[in-house]
There are 2 protein chains.
Amino acid sequence: MSCNYEVKTKFLRGFADKTRLQILDCIKEEEKAVSQIVKEINGNQSNISQHLSCLKGCGIITGRQEGRNVYYSIRNEETRQLLAMFDIVLNQVEQDVACCEINKRLLPGEKVKENV
Amino acid sequence: MSCNYEVKTKFLRGFADKTRLQILDCIKEEEKAVSQIVKEINGNQSNISQHLSCLKGCGIITGRQEGRNVYYSIRNEETRQLLAMFDIVLNQVEQDVACCEINKRLLPGEKVKENV
DNA sequence: CTGATGTATTAGTATAAACTAATATGATTG
DNA sequence: CAATCATATTAGTTTATACTAATACATCAG
């Protein structure tokens with residue numbers, strides 16, 4: 001299993017964006033039309049539409065057209081559970097994450113604080 | 001919950017890279033030294049080191065120095081479970097994911113295939 | 001102390017992803 | 001059919017991320 005890293009990466013990248021996480025939070029309980037989402041997270045229509053397209057392409061959400069509206073929702077229960085699990089794991093990690101900076105320059109004499 | 005999107009995004013971005021997923025697969029069962037990882041995934045030492053640093057900064061892995069070696073492993077059981085869950089959810093999604101391309105240009109007359 | 005080994009960091013460059021503004025499509029209403 | 005509304009797409013730009021090569025640091029053996 002998990003040898004198709006391309007697909008897996010693409011899937012996980014779907015979650016790895018602030019705006020997309022906001023969208024997911026926004027629709028995690030119930031489906032919503034694009035315009036609702038745009039309003040609720042105070043976003044730009046074009047931008048949100050592109051993110052929705054990405055999320056859909058990644059298999060994270062699903063869309064259903066009704067009249068001129070398109071309603072998006074979390075694709076399935078497993079994905080919803082995954083979202084919940086993110087929060088659980090994050091709670092145990094919260095402290096450490098804040099400072100993931102690749103190529104961080106140390107000040108003279110400064111030591112990396114070991115979070116081992 | 002889940003209002004600190006910056007931190008959450010950073011955490012999830014840790015998983016959203018092919019090389020990092022390979023590393024995680026490589027160490028998911030047991031801790032390994034950097035050089036072992038480099039060898040097993042046939043990578044570049046500098047590159048792997050940077051990815052390890054990122055994973056550590058994201059709170060996904062933890063490192064322990066022993067002599068000149070540094071051994072990395074998955075941070076905790078919850079994170080290991082999260083990794084397992086990725087595979088589970090992916091199985092149900094596999095089909096759809098392959099084609100998440102933002103700004104994909106349609107050929108004349110081509111219709112987006114609806115995966116609704 | 002010197003050289004060798006293992007790991008980390010830096011600097012520079014290439015690539016990919018996200019944002020904005022403008023425009024296009026598609027459905028509905030009158 | 002024309003106007004409107006909701007959403008999607010495009011094109012261009014900016015920003016972030018990943019990669020490579022070179023170098024630094026830290027530990028150990030002799």
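A note on names: the letters A, B, ... follow the listed sequences, proteins ahead of strands, and every chain is numbered from 1.
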Among [options], which nucleotide has an atom closest to any side-chain atom of [X]?
{"X": "B/Gln65", "options": "D/dT20, D/dT27, C/dA18", "answer": "D/dT27"}
{"X": "A/Ser46", "options": "C/dA18, C/dT7, C/dT20", "answer": "C/dT20"}
{"X": "A/Arg68", "options": "C/dA8, C/dG26, D/dA8", "answer": "C/dG26"}

Categorize [X] for me: base, sugar-phosphate, or nothing, with a 4.0 angstrom heavy-atom threshold over every strand shown.
{"X": "A/Tyr71", "answer": "nothing"}
{"X": "B/Ser35", "answer": "sugar-phosphate"}
{"X": "A/Gln45", "answer": "base"}

Return the value, rounded to whole Å, for the distance between atom [atom1] of [X] and atom [atom2] of [N].
{"X": "B/Glu31", "N": "C/dG6", "atom1": "CD", "atom2": "C1'", "answer": "16 Å"}
{"X": "B/Arg64", "N": "C/dG6", "atom1": "CZ", "atom2": "C1'", "answer": "15 Å"}
{"X": "A/Asp17", "N": "D/dT15", "atom1": "CG", "atom2": "P", "answer": "16 Å"}
{"X": "B/Lys39", "N": "C/dG6", "atom1": "NZ", "atom2": "C1'", "answer": "12 Å"}
{"X": "A/Tyr5", "N": "D/dA18", "atom1": "OH", "atom2": "P", "answer": "17 Å"}
{"X": "A/Gln22", "N": "C/dA18", "atom1": "CD", "atom2": "C1'", "answer": "14 Å"}
{"X": "B/Leu21", "N": "D/dA18", "atom1": "CG", "atom2": "P", "answer": "11 Å"}
{"X": "B/Leu52", "N": "D/dT17", "atom1": "CG", "atom2": "P", "answer": "18 Å"}

Quick one: closest heavy-atom pair of A/Ile61 and A/Lys56, and the distance?
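Of all heavy-atom pairs spanning A/Ile61 and A/Lys56, the closest is CG1-N, 3.5 Å.
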Nearest non-hydrogen partners of A/Leu12 and B/Phe15, listed with the distance:
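Scanning both residues, the minimum pair turns out to be CD1-O, 3.6 Å.
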Both A/Gly67 and B/Gln36 contact DNA chain C. Taking the nearest nucleotide for each, which residue is further toward the 5' end?
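It is B/Gln36, whose closest nucleotide lies nearer the 5' terminus.
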First encountered from the 5' end of DNA chain C, between A/Glu66 and A/Asn44
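First, find each residue's nearest nucleotide; the 5'-ward one identifies A/Asn44.
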Within a strict 4.5 Å, meaning less than it, do heavy atoms of the B/Tyr71 and B/Ile27 side chains meet?
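No, their side chains stay 4.5 Å or more apart.
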For a quick test of reading the model: is some side-chain N or O of [X] closer than 4.0 Å to OP1 or OP2 of [N]?
{"X": "A/Asn69", "N": "D/dC5", "value": "no"}
{"X": "A/Thr19", "N": "C/dC19", "value": "yes"}
{"X": "A/His51", "N": "C/dC19", "value": "yes"}
{"X": "A/Arg13", "N": "D/dA18", "value": "no"}
{"X": "B/Tyr72", "N": "C/dG6", "value": "no"}

Among A/Asp25, A/Ile48, A/Leu55, which residue satisfies the side chain to side chain contact (heavy atoms under 4.5 Å, CB included) criterion with A/Arg20?
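Exactly one pass, corresponding to A/Leu55.
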Give me the one residue out of B/Asn47, B/Val70, B/Ile37, B/Ile60 that meets side chain to side chain contact (heavy atoms under 4.5 Å, CB included) with B/Leu52.
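Exactly one pass, corresponding to B/Ile37.
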Do A/Gln50 side-chain and C/dT20 base share a donor-acceptor contact under 3.5 Å?
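When only heavy-atom distances are counted, A/Gln50 does reach the base of C/dT20 through a donor-acceptor pair under 3.5 Å.
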Should we count CD of B/Glu29 as having more than 12 external heavy atoms under 6.0 Å?
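At most 12 heavy atoms, drawn from other residues, nucleotides or ligands, come within 6.0 Å of this atom.
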